[in-house]
Amino acid sequence: MEKKPIVLSGIRPTGNLHLGNYFGAVKNFVKMQETNECYFFIADYHSLTTHPKPKDLQANVRQVLVEYLAAGLDPEKSTLYLQSDIPETTELYLFLNMNAYMGELQKVTTFKEKARKQPENINAGLLTYPSLMAADILIHRSHMVPVGKDQEQHLEMTRTFAKRFNRMYKTDLFPIPKAFNFGEQLVKIPGLDGSGKMGKSEGEGNAIFLNDDPKTLRKKVMRAVSDSGPTEMNQEKPEAIQNLFTLLDVVSKPDVVEYFNDQYNNCNIRYGDLKKQLAEDMIAFTEPFRERIIEISADQDYITKVMDMGAEKARISAQATTRLAREIIGFRKIY
Ligand code: TRP
């Protein structure tokens with residue numbers, strides 16, 4: 001039987017899922033579960049670089065898990081787990097660190113940025129973030145890693161570390177993983193603040209979260225940036241207006257989009273009406289997610305079962321890899 005490609009991605013346990021995350025990543029994870037052997041995990045080891053309080057860490061991990069389940073990740077189809085439930089990852093991280101050089105780690109963009117932003121907390125975990133990420137990926141000998149553009153440099157380092165290990169020990173233990181971004185088929189979801197993409201760091205009100213209640217959602221949409229309207233027929237749309245139309249495109253029916261487009265092109269558009277429609281269509285779109293989030297969140301037994309199941313499946317694959325790595329490196333067999 002031919003083996004399915006192994007797909008893996010890590011999810012930072014910060015904040016709630018917004019429409020940008022959903023269309024940019026989660027929706028595609030959900031699709032990939034059908035045809036690949038998928039591993040999706042919550043990167044809670046990584047989050048220690050910012051020293052979270054244990055209570056906050058736990059609550060964040062739980063919330064992220066609940067929302068990904070609500071969005072369609074299926075623990076029967078994928079292996080869904082917490083990174084910290086697979087301590088084998090830390091052993092591989094140590095092995096990889098022995099061949100990760102200070103110079104190359106210091107050159108990583110995310111490290112430089114973090115170091116600039118938090119000069120009081122430039123810890124070794126921050127510096128070696130790329131080797132931990134490489135361990136996450138290589139522990140399951142993954143082939144494909146769906147990630148955003150911002151993670152491509154990290155993935156390039158994973159490839160470097162994998163090749164280095166393979167070369168050093170004359171082995172082919174690690175497949176060289178490929179970054180996978182969904183390219184053309186990805187709709188970029190803009191934020192509500194007039195420019196750029198939807199993100200949670202762009203300030204209050206820029207992002208629509210899957211678990212926003214209707215009142216919050218209406219308020220955010222009604223406050224979205226627009227302008228005083230077109231002055232000429234068929235005028236090109238400025239960014240803020242194009243953004244509203246892009247959002248309409250993903251949640252509204254085609255005839256609704258066409259209606260407002262015509263209104264815009266005839267200079268009759270009332271942005272208040274467009275926003276009201278957009279808000280109602282977003283409420284309808286997010287409602288099933290909101291309901292599932294509430295339902296799953298109330299079911300602690302189910303959440304525990306999902307975490308246990310994921311940990312068990314992920315450890316089988318992780319242990320197989322560290323066992324081989326230990327042997328290749330020249331350590332004694334201990335299990
Ligand atoms: N660094 C990723 C992010 O910030 C999260 C992550 C950790 C990850 N380990 C990973 C992503 C392994 C893909 C594969 O979003």
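All ligand and atom numbering here is 1-based and tracks the order in the structure.
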**Student:** Rounded to the nearest 0.5 Å, how far does CG of L192 lie from CG of L278?
**Tutor:** 7.5 Å
**Student:** Could you check whether F174 and F95 have their ring centres less than 6.0 Å apart?
**Tutor:** no
**Student:** Going by ring pair (Phe, Tyr, Trp, His ring centres under 6.0 Å), name the residues that satisfy it together with Y302, two or more places apart in sequence or in a different chain.
**Tutor:** none
**Student:** What pairs with A25 under side-chain contact (heavy atoms from CB on, under 4.5 Å), at least two apart in sequence or on another chain?
**Tutor:** F29
**Student:** Quick one: do K107 and E104 make a salt bridge, cutoff under 4.0 Å?
**Tutor:** no
**Student:** Short N or O contacts of ligand 1 with protein, under 3.5 Å, listed by atom name?
**Tutor:**
from     : atom 1 : to   : atom 2 : distance (Å)
ligand 1 : 1 (N)  : Y129 : OH     : 2.7
ligand 1 : 1 (N)  : Q151 : OE1    : 2.8
ligand 1 : 4 (O)  : R12  : NE     : 2.8
ligand 1 : 4 (O)  : Y129 : OH     : 3.4
ligand 1 : 4 (O)  : Q151 : NE2    : 3.2
ligand 1 : 9 (N)  : D136 : OD2    : 2.7
ligand 1 : 15 (O) : R12  : NE     : 3.4

**Student:** Mind checking what makes ring pair (Phe, Tyr, Trp, His ring centres under 6.0 Å) contact with H140, not counting sequence neighbours?
**Tutor:** Y39, Y81
